[in-house]
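Values in this document were obtained by computation on a predicted structure and should not be read as measured data. Within every chain, numbering begins at 1; the chains are lettered A, B, ... in the order of the sequence lines, protein sequences first and strands thereafter.
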Amino acid sequence: MKRWIAIGAALTLGLAACTDPSASTTSGDTVATWADPTAELDGVKLTIWAAQNSNTVPKKVVEGFQQATGATVEIVTVPDPYEQSVQTKVATGDKPDLAFWQPTASMLTAINAKTNLQPLGEAPWLPSMDPALRDITGLLDGTRYAALVTSPAVEGVYYNKEVFAANGITATPKSFDEMIKLARDLKAKGVTPFHEMGADRWATQWWVQVQLADAAKAGLWDRINTGQDKFTSPAVVDTIKRYDALIKEGLFNSDIKTAKFEDQGTALLDGKAAMVVQVNSFFGQLQAKADTATLDRKIGFFPISPSGNVGTFIPDQSNALVAFKTGDAKRESAARQLLAYWMGPGYSDFVTDRNTVSLQTAVASPAGVPKALQDVHASLPTSVGSMQALAVANPDLYINLADMIAGTMTPDQVATATQDQFVQLAKAAGYLK
Amino acid sequence: MTTAVETLAPARALPSARPGTIRRRTHPLWFLLPAYGLLLVFFFLPTVFNFVYAFTDWSGFKAEINPVGVENFTQLTSDGTLFRSLRITVVYAVLVAIFQNVFGFGLAVLLERDTTVNRIARTFFLIPVLMSALAVGYIFQALLKSSGLLADTTWTIVVVALIHAWKWMGLSMLIYLAGLKSIPLEVTEAAHIDGASRWRTFWRIRVPLLAPAVTFNVATALLGSMNGFDIVQATTGGGPARTTEILNIFIYRTFGQGLFAQATTMSLVLFLLVALMAFPVVYVLRKREEVL
């Protein structure tokens, strides 16, 4: 009898605990106050979560902040896949003070920004940001949740200047169709025009997204978000079919099914392929393989879209930080102060240390930023948002496209599977009722 | 083992016991509570929650959890991905069960005699069992990457099953060895005197006597690999083109997207499938033992 009571008690206790543990936050959404960036913070300990490819980004800033304020800041590397690991931790109630996070609406939704994150409106650094980039991302339903610290990634074409020159190409193409024509000319001369990584999969979606740039400008993602348009609409399916047709035509590397991210960088640097449609992290790989002088000589970048040279921007996790509501007012304020220091007194040191483009009008970019990265940054003001930036949910389009490359899915099946998953995710997030 | 307990039991029973009751209370019953407590918290409650959350809309996107009835199930069944993953999981488990037992059995027969060389060889075959499954996966991924074996949409599942079987064959070998060693010498000697050849003795006397070892090995290999994740994740990550995406990898991906309730529903489906397969498999294998 006693035992049954015990079991019953434990069971009710367990069932009573059947609510989301991450829901128990205390602080409200009142407008935050911003302390002086260098105000004293003795004895305050802050934690920053970072991924394997972003854990060295805050090093210089953290050193400066610790010296200026007396706070202790610990950078914790969360294992890859970073986004999944963080979501899982946050869902079980484990939160840092700050974390690197993709500042797009879909990813802010995915981490339940309204409940878990501190709103960053009225942030002291906003007036000094480049006006063209200030509101490009980091907002969810009009509230700012993320601080953009580096130039967001852009989907576009990285090309080998030497291969172009050797084949008599003097100007970069002015539209997607022109690029394809150029690719056919290159193929006729025995050069592999494009390189794609079917095995590592994730870059496959750039080909569809750059083709959608003009439609995105005309509000495609808003229509998809509200269910007026779908991945299965001709506007999207046609871009998938076009990509499939270009692959079948033989404009890509012959090992497209098994090629990996690593192979892509090697192929472009060695001139084995003329062009790669990629994002900034691809250039990061090139920087690991060659020095700035070589890269400036060999590698160029141009944005592309059907109508012209419009880039598609896709901010990623290493570009921005979010501050969590931890329930501890002192630490929450200190976390905001660290962001204010980062984007304020510490910003100049930061961009110099990272050798990256500055986002602030008053802070000059360091001299050593490679030319291609400067071109990427220059394309930002006219670029449009990617699926990740503008859609309310982020389906695995790239996995379906990789399956298409492997031959197990048709373009129509890719569209249907992507749409189904989009609806599932959007519904879970409270959209598309 | 069981016979020993049975013979001891009557001796211990107190003479004053009423017929039909067993009174062996050498320790107070509440001594069991810590063990039951752990069982409850770490095994029973998670299983209960697995059932409860499968009928809710729990996700990473919002704080509330609302019941949604069987919506998760209808959605999963309307989408072909679940059945594809289930099919891949069953194929994988069956392949692993076959390979692991064939290898383990072969090794046990080969290394049966207690020579020094055999002892050393047994130790070597047991090393993969002790290795981290992820390490095994990554090593094979590195070895096979350039061979194209992990890029074939038809045969990669077989390759991954072979790797899984390779890792665990040492354990099967050990259990088969124990089985072979426990066969009484008199039985084989009698067969020999009756004029049975070694070949015939092996297949007609010793192999049937291994039935309990077969039961254990087949059941653990089959049901264990139904819950497989680490080796496949490390070797192929579910690729190429999701042809090795066993259910646990699918669950992992779904959970990672913040769809916690859907992931829970899938793991409930897997739990039910394993339970549904376990009962007949174990029943059939135990039936084989009855002839002994």
Side-chain angles (χ1 to χ4, degrees), chain A residues 2-3 6-7 10-11 13-15 17-25 81 83-88 90-91 109-116 198-201 255 257-258 260 393-396 399-400 402-409 413 417 420-421 423-431, chain B residues 29-30 32-33 36-37 39-41 44-46 48-49 52-53 56-68 71-72 75-76 78-81 84 145-154 156 236-243 245 252-263:
Chain A
K2 249 186 200 162
R3 197 171 46 165
I7 291 174
L11 213 88
L13 209 80
L15 288 174
C18 180
T19 48
D20 194 327
S22 62
S24 57
T25 36
E83 282 80 6
Q84 291 190 14
S85 308
V86 169
Q87 271 179 294
T88 312
V90 171
T109 307
I111 200 151
N112 194 3
K114 280 168 198 157
T115 311
N116 293 325
D200 270 343
R201 310 191 290 195
D255 63 346
K257 291 183 189 178
T258 52
K260 298 203 157 201
N394 186 4
D396 295 328
I399 297 185
N400 297 323
D403 282 8
M404 179 183 83
I405 293 174
T408 58
M409 270 177 138
Q413 286 170 335
D420 286 352
Q421 199 197 4
V423 171
Q424 186 182 33
L425 286 163
K427 272 190 180 155
Y431 298 92
Chain B
L29 209 56
W30 59 264
L32 284 171
L33 277 184
Y36 274 114
L39 203 67
L40 185 81
V41 173
F44 188 66
L45 275 183
V48 170
F49 282 139
V52 173
Y53 282 133
T56 67
D57 66 351
W58 181 32
S59 78
F61 307 117
K62 55 186 189 315
E64 333 70 75
I65 299 174
N66 310 305
V68 292
E71 196 188 299
N72 293 330
Q75 200 207 343
L76 272 175
S78 69
D79 182 2
T81 324
R84 190 175 67 168
K145 196 164 56 177
S146 51
S147 71
L149 275 172
L150 296 178
D152 191 297
T153 48
T154 315
T156 305
T236 66
R242 279 185 272 182
T243 49
E245 191 175 89
Y252 172 73
R253 278 206 303 122
T254 310
F255 195 86
Q257 282 164 335
L259 297 172
F260 303 151
Q262 280 86 344

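With rounding to the nearest 0.5 angstrom, the CD atom of A/Gln424 is 7.0 Å from the CG atom of B/Leu76. Put simply, CD1 on A/Ile399 and CZ on B/Arg253 are 4.0 Å apart, with the number rounded to the nearest 0.5 Å. Interatomic distance, A/Asp403 CG to B/Glu245 CD, rounded to the nearest 0.5 Å: 8.5 Å.
Here the shortest heavy-atom pairing between A/Gln87 and B/Phe260 reads O-CZ, 4.2 Å. The minimum heavy-atom distance linking A/Ala428 with B/Ser59 is given by the pair O-OG, 3.6 Å.
Side-chain contact check for A/Lys427 versus B/Asp57: every heavy-atom pair is 4.5 Å or farther apart. Within the 4.5 Å cutoff, the side chain of A/Leu425 has no heavy atoms near those of the B/Gln262 side chain. For the pair B/Thr81/A/Gln421, no side-chain contact is recorded, criterion being any heavy-atom separation below 4.5 Å from C-beta on.
If you measure heavy-atom distances from A/Ala199 to chain B, you find no contacts under 4.5 Å at all. When heavy atoms are compared at a cutoff of 4.5 Å, A/Thr109 approaches chain B by way of both its backbone and its side chain. Using a 4.5 Å cut-off between heavy atoms, A/Met409 touches chain B through its side chain atoms alone.
When each of A/Ile111, A/Ile405, A/Asp396, A/Asn394 is checked for heavy-atom pairs under 4.5 Å with chain B, A/Asp396 comes out on top. No other option in A/Gly430, A/Ala113, A/Ala429 has as many heavy-atom pairs under 4.5 Å with chain B as A/Ala429.
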